[in-house]
Structure formats: structure tokens, C-alpha cells
K.L.:
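Just dropping this structure here.
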Number of protein chains: 4
Amino acid sequence: MRERQILDAAVQVFAEHGFHQASMDEISDAAGISKPMIYTYLGAKDELFVACIRREAGRLIEAIGEAVDENLRTDEQLWRGLRAFFEYVNDNRASWTVLHRQANIQGEPFSGELAEWRDRAVALIAALLTRATAATEQPVQTEQMEPFAAALVGAGESMLDWWIDHPEHTADGLSRRLMNLMWLGFGDMVQGNRWKPPS
Amino acid sequence: MRERQILDAAVQVFAEHGFHQASMDEISDAAGISKPMIYTYLGAKDELFVACIRREAGRLIEAIGEAVDENLRTDEQLWRGLRAFFEYVNDNRASWTVLHRQANIQGEPFSGELAEWRDRAVALIAALLTRATAATEQPVQTEQMEPFAAALVGAGESMLDWWIDHPEHTADGLSRRLMNLMWLGFGDMVQGNRWKPPS
Amino acid sequence: MRERQILDAAVQVFAEHGFHQASMDEISDAAGISKPMIYTYLGAKDELFVACIRREAGRLIEAIGEAVDENLRTDEQLWRGLRAFFEYVNDNRASWTVLHRQANIQGEPFSGELAEWRDRAVALIAALLTRATAATEQPVQTEQMEPFAAALVGAGESMLDWWIDHPEHTADGLSRRLMNLMWLGFGDMVQGNRWKPPS
Amino acid sequence: MRERQILDAAVQVFAEHGFHQASMDEISDAAGISKPMIYTYLGAKDELFVACIRREAGRLIEAIGEAVDENLRTDEQLWRGLRAFFEYVNDNRASWTVLHRQANIQGEPFSGELAEWRDRAVALIAALLTRATAATEQPVQTEQMEPFAAALVGAGESMLDWWIDHPEHTADGLSRRLMNLMWLGFGDMVQGNRWKPPS
DNA sequence: CATGAATGAGCCTTCATTCAT
DNA sequence: TATGAATGAAGGCTCATTCAT
């Protein structure tokens, strides 16, 4: 379909040059479709970029969602989600670049768009972790869990950036490292272990 | 001093509107200094932005460096560093926005600049963690530690972003949360505990 | 055609204000075409100016070439060429101003362009004069003839400038004057007459 | 004196870069004198350039004037004047470049200045030539002589330009060539010889 | 429906020129 | 007097956006 062609090209070009350096001319060339059509189908540059974010974020979420089976144990859900995340990004570098490196800019007309998706992801993970503690002696409320979830998401993103410069590692290996770091710490916490600042 | 006035205004404006949307006119207005002076003192827009990054990154690193005493235990060093980080960013929102949300864009002339600072930070933390394991039964090499350090940095950044929308939390509280998450997990790992994916 | 409109306006404006004082805005206004079109069709200001030089120089050369019949006697060829030159310039004042008064500036990006055309013209005339002496007792080599040709060209240019302030003269009259001066002197020289400095 | 330093530097810089490309900064650097002083002594850029033209044109005229002895025969006066002209320009390339290649631009504020000097020179030569015919059977009026004088001046200028690219020639040789061309032709004309266009 | 052609608006950058010391 | 420091004003160039075909 027309829209698909355009979005494919746009994601490619935005990822390569960034939102501002990317020109509508280049996108229309890459898509093999004239500029007026782009405006007709997807609106102005801002809106086009938002459409890119929506599609790519949706695909990422979907990929993760498919990997996770809600009937599994929490840690395994998390583990599978993480691995799916790493794998998806590894396979869709342009997609990720657009989402993480270009859409994350403040002060742009599209600033809010990505924030929403991020919030949604954080909320999902927070809920997941919360459920994991529900049966324990120290259940935690979802709001309390959000900063952890945010940390987890950020840790993942950051590892990914690092991965780009160290491609000798595997998605599996990195996912495992992150699980080790986060899940063990998380488990300790749930069990009431606390790190305490020296008084 | 003139340079200071200009950089202060530039950081402010860049943080608010982003590099591309920010116009030299607006910066010069905000600085109360005419445009030609900006060019005289700090060069073209690119260079001005790089100067902003350098100064703000330097200040942040310095603030953290001052908070950390090398004679302390590793965990305490980390904790103090984290808390200094959160506090600094809380007090210097614009500074952080410039560094994190504006400079992190790919495909720009200044792209490399921030990457260097990040790499340096990651390397420092990796070294710190490595030293912490030196005396244990399972010492870890620095290269192995880097992904953890990257994860830690990212987790912090991400928590910060979350904090912006939930300002009721304190720097101390968030630092502690992050320490709990990371340090406990890290400690477990060092002791040989591992999370294993279900076969 | 669009290119023609633009070049016409550009020649006009460049002739009136000079290369530097002429603004692209003024040219686009004069052409009745928006600035971006100028850049699309003919490139940046430098390139536009070079295009003007090329077209105008080409036209001038062509006008002269059409007036000259290679089967005629040398003096008549020269005579016709001169008259065509004067007539063309009289009819295309702006064209000539651009070529002679604006393009002749040293240190500009387009400096070389006009020099080439001039050299070509001088070489042509030198060859013409050389052929005229080929059958005489004292044939002259082309290189020896070049300074004369240069002098002839300069004499013509200078007369033209003078003409601008004394428009009561005719192209025919001035051409004849110049022929008298140059051709008689030239003829004398060919016949071995020499003016000798008093010892 | 201050003025001299400034003018020396200005001529140098104007000759090298042209009027527009030359910046007041560069001139003040070359002169070793601060910009405000230049404005105090010689006024704005236009006026400074006019001052350059005046001085250099004056010097050139003076050099020629000194070479010519009014008691000599007309042809010898002319010959000495020519030779002085070629020699002066050869020794003062920058001076000549400013006068011929930079000041000769139309549409500039200083356009008129050089024209005056040129007119004066042409008038002088015309008067000289006129006097030479006064005693002959066909005396010529000064106004009739002006186009010839203009042609002579232009021929000289043009030969000079040509000389720059062919420095193996000498001032003496070129002067002689030009005398041959012009004086013989002139002499013929005075004696009533005419070149006639084929009817 | 699809596009080549066209433009309005804006931004970076540079200098000639002048204060304040 | 002499100057370092400062600026107003203007120009080249680009690009998102839209007609007319």
C-alpha cells in the first residue's frame, strides 16, 4: 500500500539523518512517491514523523507482547520480554534509532508522542512486577513500583546503545546480564533485604 | 564574564526549544548580547552547542566527583555519586535536558561530542565496579563490567526522566531505590548467584 | 523560457549595481520569479554571474563572427568585426557593462571566466593579423602579434567607454577611426617602416 | 605619517582581494593601526578607497609627467610618457591593480572617481596630439582627437594586462611596439592617408 | 489521482561602523 | 588620542508546503 511505502522510506531516512536533517525531498525520493502524495496520505512533516513513531513503537510492543505468555512465571515473562526487545531492536536498527535517538527530543511538536508510549511500557512492567509481589509478605503498590520499572526500561535502552558499539555480544547474553542485575536485586528487595546508606 | 552570560542563555534556550528550533536571535536576546558577539566568543551555532555540552557535562562530572571520596567503600562511593547525580540534575534541569534530550541525536555535527562523555562515565563506573570485585573470589574484568555500567547509567537517566513527572519523590529516595535494585543484584552476582532462564 | 527570464534580469541588475551590490532579492524581483527558482535553475550567485558572462560573451562573439566573412580581405574582415563589435555593444549596453566593468575584477570567484574569453578573442585577432602578413616579405609569427592584438582589443574597449559619454558619434565613425589608426600603423609596420626612438 | 601607513596597507589589501572582499579588519591589521583611527583619518571604506585611487593615480600621472619634457618633439614626449607608464606599472603592480581592476567598476559609490582621472589623462594626450598637428596642413581640433587618445590609453592598458601574463617582454620593447602601431598610424592619418571601407 | 514546478518565510552569518574606556 | 569591544542591518541560501496540470 502507499502508506507503507512512505512510512518505510520515512523511517529509513529519519533514522539516518535525524528529523531535522531529513528533507521531505529525500523521503519522497526514497519512497518513489511524489511529495504532494505524502502530504495527502500522511500530512505534514511532524505528522509523518508521529506516524513513524506510532507504527514502530506499535511493532516493538507487539513483538514483545507476542513473546510473553501471561501464564508464565513473572521472571520468565520478564526474561522473554527482554530478549524479544533485544532481538527486535537488533533486527530493526532503523526503527529503534528513530524511536530512541530522534523522537526523544524535547521542544519538538512531536515530543509528547514518544513519552506516551514510554509511559505505557513503564506502566505495563510496573503492573507485572507488582503482580509478582502480590503473593509475598510485602506486597508493593503499583505506584511504588514505577520508578523501578522506569529504571529497568532505561537500563535496557542504555545497554542497547552500548551494544551497538559492541556487536560481538548476543541478544541472549545481554538479556541474561540484565536479568541477573535487575531480578536478583528485585528479588532481594522483595524479600526485605535492603541496602542501607552508612549512617 | 561574557562567555558565561552567553552559555547560560544558550543552555536555557537549547533546553527549551531544542538545537534546531532554537534560533541564534533568541539566544542573543536571552543573553542580552548581540549576535555578533556570540560568534566572536563562541563561534557558529554548532560550536556554541558543543561548548554548552562541554560545560554542562563538565559541571555534572565535577559535581559527582566532589561527592565521591575514593577512600570510601565502593557501595558508598556509588551511592554518593548517584545521589549527587540526582541532586545536580534536579537543580539544573536545563543543563540535563541539553545533555540528555538534545545532544543525544544522531546525524548531527555534534553527535560525537556527547557520546565521548557518556563513554567516559561508563568507563569510570565500570572501573569502580571492577575494583569492588577485585578482592572477591570471582574477580571480573573491566570489559565484562561495561554492559552493567551502561545499564546503571541508563537506569539512572531513565529514573530521572520519570522523576520529572513525579516530583514528589526526593533525590535521596530515588538514589536509594536505585542502589537497592542495582547493588543488591550486583552483590548477588558477585557472590555467584545467578538467575537462570527456565530450560 | 525560465532561464532566459532570469538571465535577462540578472544581466540587467548586475550591470546596474555590480556583482556585490546586486542582491538576489533584486534579481528575483526584476525577473518576476521567486528566489528559489533562481537557485534551482542557475545555482548560487557566483554561478549565476558566470552564466551571465558566458551567455553575453557568447552572444558578442557570435555577433562579430556573423559579421565577418572569412573570404574577404583581412582589412575588411577586421573592419566588419570592429563595426559589429561597436554596434553590438551600442545595442546591448548592459551586456557589455557586465562583461567589461563587472567581470574584470580580480580576486573574485569568477575572475578567471572572463580572462578566458578575452584570451580567446586576442588569439583570434592575432591569428587574423598573422595571416595578413603571411604573403608579405616580412611574415610575423603569431606570438609576436599577440601584443598588437591585445592593444587593438584594448583600444576598442576604451573607445567604447569614451563613446558612452559622447553618444553623438556613430558606430561606423568610430570603427573607421580605429581602423585608420591601427590598420595604417599596422600596414606601415608590415612594410618595414619603424618608428625609432631618438638615440 | 599615519595616513601614509594606512594608505599603503589599503592599496595592498584592495589590490589583493578587491574592494568588496577586502575587510576593514584586514586593512587595519595590515596597517598596524586600529580601525577607529582609520575612520578618523580617512573616513568610511568608500572614502578610503577613493583616497587610494587619488594617491595612486596622482603618483602615476606624476611619474609620467616627470618623464616628459615639454620641449621635446611630440613623438618623443609620447614615447617617454608611454615608457614611464609601463615602467611605473611594472614597479607598482598593486597600485595599478587597484586603479585598473578594482576602481573601474560601475555602480559603486566611487565609480566616478577613476573616470575623472581617466578623462583628464585622455584630455592631456588629446591636447598633445592636437598640438602635433597644429603646424600641419590639416590641423585637427581637440575634440576630434579625443577618441584617438582614448584608444591610445586603452591600448596601453590592455597591453599591460597582456604583459602580466608574458613578463619576458620589457617595458622598452612594449612601449616601442605601441609607438609603432599608433604613431605610424597617426602620422599617416595626419598626412591625409585614410583607410577606406570597400564601397 | 499524481506530479512537476513554484514560493513564502526564516535562519545563519558577516561586516562596516561606532561607543566607552 | 587610540583602541578593544559591541552592534545594526542586510544578504545568501534552504526547505516545508502548495498550485496547476
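Every chain is numbered from 1, with letters handed out A, B, ... down the list of sequences.
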K.L.:
Applying ring-ring contact (aromatic ring centres under 6.0 Å, His included), can you list everything that pairs with C:H20, at least two apart in sequence or on another chain?
P.N.:
D:H20

K.L.:
For residues 17-33 of chain B, pull every pair meeting salt bridge (Lys or Arg N to Asp or Glu O under 4.0 Å), keeping only residues two or more places apart or in separate chains.
P.N.:
B:D25-B:K35

K.L.:
Would you say the side-chain atoms of D:S111 pair up with the backbone N or O of D:I105, donor to acceptor, closer than 3.5 Å?
P.N.:
yes

K.L.:
Just list the side-chain donor-acceptor pairs under 3.5 Å for residues 51-59 of chain B, sequence neighbours left out, or say none.
P.N.:
| residue | atom | partner | partner atom | Å |
| --- | --- | --- | --- | --- |
| B:R54 | NE | B:E113 | OE2 | 2.8 |
| B:R54 | NH2 | B:E113 | OE2 | 3.3 |
| B:R55 | NH1 | B:D8 | OD1 | 3.1 |
| B:R55 | NH2 | B:D8 | OD1 | 2.7 |
| B:E56 | OE1 | B:S95 | OG | 2.7 |

K.L.:
What's the spacing between A:L160 CG and A:Y88 OH if we round to 0.5 Å?
P.N.:
12.0 Å

K.L.:
Give me the atom names and distance for the closest heavy-atom approach of D:V11 to D:V98.
P.N.:
O-CG2, 3.5 Å

K.L.:
Any side-chain heavy atom of C:I27 sitting closer than 4.5 Å to one from C:L48?
P.N.:
yes

K.L.:
Does anyone know the first and last nucleotide of DNA chain E in reach of chain C, 5' to 3', at under 4.0 angstrom to a heavy atom?
P.N.:
E:dA6 to E:dG10

K.L.:
Distance check needed: F:dG11 C1' versus C:L48 CG, whole Å only.
P.N.:
15 Å

K.L.:
So which heavy atom on C:E3 is nearest to which on C:Y41, and how close?
P.N.:
CG-CD2, 3.9 Å

K.L.:
Specify the separation, in whole Å, of atom CZ of A:F49 and atom P of F:dA16.
P.N.:
14 Å

K.L.:
Between B:R2 (CZ) and F:dT7 (C1'), how many Å, whole number?
P.N.:
12 Å

K.L.:
For B:E108, look at atom CD and say whether over 12 heavy atoms of other residues, nucleotides or ligands are found less than 6.0 Å away.
P.N.:
yes

K.L.:
Stem ranges for DNA chain F, with three or more consecutive Watson-Crick or G-U pairs under 3.5 Å?
P.N.:
E:2-21 with F:2-21

K.L.:
Near DNA chain E, counting only heavy atoms under 4.0 Å, which residues of residues 19-37 of chain B show up?
P.N.:
B:A22, B:S23, B:M24, B:K35, B:P36

K.L.:
Report yes or no: does D:S28 contribute a side-chain atom to a donor-acceptor pair with the main-chain N or O of D:S34 at less than 3.5 Å?
P.N.:
no

